[in-house]
Structure formats: C-alpha cells, structure tokens
Novice: 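The structure follows.
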Amino acid sequence: MSNYLHQFVYGIYPYIALAIFFLGSLIRFDREQYTWKSDSSQLLHRGSLRLGNILFHIGIIGLLFGHAAGLLTPVWVWDTLGVSHSLKQGVAMAAGGVMGGLCLAGMLILLARRFGNARLRAVTTAGDKLVMVWILLTLLLGLSSIFVSASHMDGHMMVLLMNWAQHIVTLRGDAASFIVDAPLVFKLHLFMGMSLFVIFPFTRLVHVWSGFGAIGYLGRAYQLVRRR
C-alpha cells in the first residue's frame, strides 16, 4: 500500500497539481478578474509592511529561481562544467539557507503585523491564513532539510532529487522511483511545495502571474501627457 501511495504522490500528483495550477488560474482570470489581486492591506495599517514585504519577496523569488535552476539543469551540464556534486550541494545549501532565512524573517514580520492588528485580523480570510501557514510550513521543512543534507555532502541525494524533477518535467513514468529512500523531510517538503500549486488559483497567490506579466511594460511605448 505504501508503494502505491508513494507512486501516486510523487509520480501522479505532480501532474494533478500542475493541471489545477494552470487551468485554475486561466479559469479564474477569465471569470473572476475583479478578484485577481494581492489584496493589499497597506491602507488599513502600514506598520512593518515594507520591511516584511521586501525580505519575504527577495527570499521567495530567490528560492523559486534557485529551485528551478538547481533541479531542472541536467546533471551532465554540471559535470561538463566541472562542478562536482558535493560542491553544487554546498552552494545550494548556502544559497538556500540565505534566501530561506530572508524569506522566513519577512514571513514572521508579516505574520506578526497581520495578527497583531485588530483591523488586519478582521479582513484576513481563511484563504489568507491557509496560504501563510502553508508557505511557512513548506519553508521550515526546506530549511530543516539543510541540516539533513549536511550529514551527507557527497551530493547523491541531490542528484536523485534532480532526476525526479527532470523525469516529471519530461513526462517519464519512473520519476517516483528516484526518491523512494529519500529522508522524510525531503518528501514532506516536496509534497508541501507541490500542494502550493494546488491552492494557488484559489487564493491571492494569483497576483504572482501579474508580476511576471508586468515585464511586458519594459517594452511598452512611453505615454505622452500634454497639459491643456
């Protein structure tokens, strides 16, 4: 039974999560555009919003692109560049620790601000609470995995995780087999991370799409404003 569950969670569930992520976002954009926003609470209470936001966003964006580059870059690329698996693991641990620390500091500041003010607590929805708690738990699991990784610096587990991610992306059915023996903290971190894609379309997280879309403004023509 455990083998079937493992195969489902790490071999099938990733595709379910991605399908919900893309289709859910598209449907929400098409049908509920007035809910497509970050629901900023700055007008209600500014407090430490700026500091918390900056730390959180720098950290989580760094983690997002760091995970993408680290997991999806083929192993042969690193081997061709002469980067040993142990060195790559050490760099990943250091970078993940720094970005994770920034993200955690920002998250704690935002949580204290959100739940330490009566007006903000009153407008905090169940979806907001779910997102904040889920990101916090995922982040803590990821930071905890650094200590587990420190006990085996040969890079073997890192390569297995890379193979899992790359087999998922390339639609190969044996992806789950790579992480059968992975430590529990890695498996929980992967599950929590994948589940973020599931809750994404139903919460304020959809505003992330708008952030990527804003890049288009860099090539937009200047707007001319003339006085009457």
Side-chain angles (χ1 to χ4, degrees), residues 5 7-44 49 52-72 99-100 103-104 106-107 110-111 113-115 120-142 161 164-171 173 175-176 186-218:
L5 181 61
Q7 178 63 35
F8 174 79
V9 174
Y10 301 104
I12 300 174
Y13 182 60
Y15 299 110
I16 296 176
L18 288 174
I20 294 175
F21 172 66
F22 287 114
L23 291 177
S25 297
L26 182 62
I27 292 172
R28 181 168 177 182
F29 181 78
D30 182 60
R31 301 187 58 179
E32 301 180 27
Q33 292 188 22
Y34 287 109
T35 69
W36 190 284
K37 54 186 179 177
S38 61
D39 286 329
S40 176
S41 58
Q42 183 175 356
L43 293 177
L44 294 176
L49 176 62
N53 252 342
I54 292 174
L55 292 176
F56 173 75
H57 282 91
I58 289 176
I60 202 165
I61 291 173
L63 290 173
L64 174 64
F65 286 103
H67 276 67
L71 290 175
L72 300 181
M99 290 299 169
C103 188
L104 180 60
M107 172 62 76
L110 294 176
L111 284 172
R113 171 183 173 273
R114 170 72 59 171
F115 295 106
L120 294 184
R121 285 198 307 271
V123 299
T124 301
T125 66
D128 295 335
K129 296 175 183 177
L130 175 63
V131 166
M132 289 186 286
V133 171
W134 206 275
I135 291 178
L136 180 61
L137 292 177
T138 306
L139 183 59
L140 291 175
L141 285 169
L161 291 170
W164 170 80
Q166 292 167 26
H167 277 62
I168 288 293
V169 171
T170 53
L171 307 179
F186 287 103
K187 291 184 177 182
L188 291 176
H189 181 59
L190 289 176
F191 172 76
M192 295 292 286
M194 290 186 293
S195 297
L196 269 176
F197 288 95
V198 175
I199 66 177
F200 184 99
F202 310 104
T203 64
R204 65 169 65 196
L205 287 176
V206 291
H207 80 278
V208 175
W209 283 118
S210 300
F212 286 109
I215 298 176
Y217 281 93
L218 296 176

Novice: Do other residues, nucleotides or ligands put more than 12 heavy atoms under 6.0 Å from F21 CZ?
Specialist: yes
Novice: Going by the angle between their ring planes, with limits at 30° and 60°, are F22 and W209 parallel, tilted or perpendicular?
Specialist: tilted
Novice: State the CD1-CD1 distance between I135 and I60, to the nearest 0.5 angstrom.
Specialist: 4.5 Å
Novice: Working to the nearest 0.5 angstrom, can you tell me the gap between L190 CG and L161 CG?
Specialist: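 Between atom CG of L190 and atom CG of L161 there are 6.0 Å.
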Novice: State the NZ-OG1 distance between K129 and T124, to the nearest 0.5 angstrom.
Specialist: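 Between K129 NZ and T124 OG1, I get 6.5 Å after rounding to 0.5 Å.
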Novice: If every non-hydrogen atom of L63 is compared with every non-hydrogen atom of C103, which pair is closest and at what distance?
Specialist: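 Looking at all heavy atoms of both residues, the shortest contact is CD1-CB, 4.2 Å.
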Novice: I need the T138 OG1 to M194 CE distance, nearest 0.5 Å.
Specialist: 10.5 Å
Novice: Quick check: closest heavy atoms across H67 and H189, and the distance to 0.1 Å?
Specialist: NE2-NE2, 3.8 Å
Novice: Give me the atom names and distance for the closest heavy-atom approach of W134 to M192.
Specialist: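 For W134 versus M192, the nearest heavy atoms are NE1-O, 2.9 Å.
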Novice: Could you report the tightest heavy-atom contact between P201 and I20, atom names first, then the distance?
Specialist: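 For P201 and I20, the tightest heavy-atom pair comes out as CG-O, 3.3 Å.
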Novice: So do the side chains of S195 and Y13 get within less than 4.5 Å of each other, counting heavy atoms only?
Specialist: yes
Novice: Does any part of the side chain of F202, heavy atoms only, come nearer than 4.5 Å to the side chain of L130, both counted from C-beta?
Specialist: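 L130 vs F202: side chains apart.
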Novice: Nearest 0.5 Å, please: how far is CE in M107 from CG in N53?
Specialist: 10.5 Å
Novice: Can you tell me how far OG1 of T35 sits from CD of Q33, rounded to the nearest 0.5 angstrom?
Specialist: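 Between atom CD of Q33 and atom OG1 of T35 there are 9.0 Å.
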Novice: So do L110 and L49 actually touch side chain to side chain, heavy atoms under 4.5 Å?
Specialist: yes
Novice: Side chains of Y15 and L171: closer than 4.5 Å at any heavy-atom pair?
Specialist: yes
Novice: List the atom of W36, the atom of S210, and the distance in Å for their closest heavy-atom pair.
Specialist: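 Looks like NE1-OG, 2.8 Å.
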Novice: Of the non-hydrogen atoms in G173 and Q7, which two are nearest, and what is the gap between them?
Specialist: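 Smallest heavy-atom distance, with atoms named: O-NE2, 3.8 Å.
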Novice: The test is side-chain contact (heavy atoms from CB on, under 4.5 Å); show your working for L104 and L136 and say whether it passes.
Specialist: CA-CA 7 Å; L104 180 60; L136 180 61; 3.7 Å; yes
Novice: Between K187 and V9, is any pair of side-chain heavy atoms under 4.5 Å apart?
Specialist: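 Not touching, per the 4.5 Å side-chain cut-off.
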Novice: What I'd like to find out is whether the side chain of F191 reaches to under 4.5 Å of the side chain of L141, using heavy atoms alone.
Specialist: no
Novice: Any side-chain heavy atom of F200 sitting closer than 4.5 Å to one from R28?
Specialist: no
Novice: Counting only heavy atoms not in R31 (residues, nucleotides, ligands), do more than 12 fall under 6.0 Å from its CZ?
Specialist: no
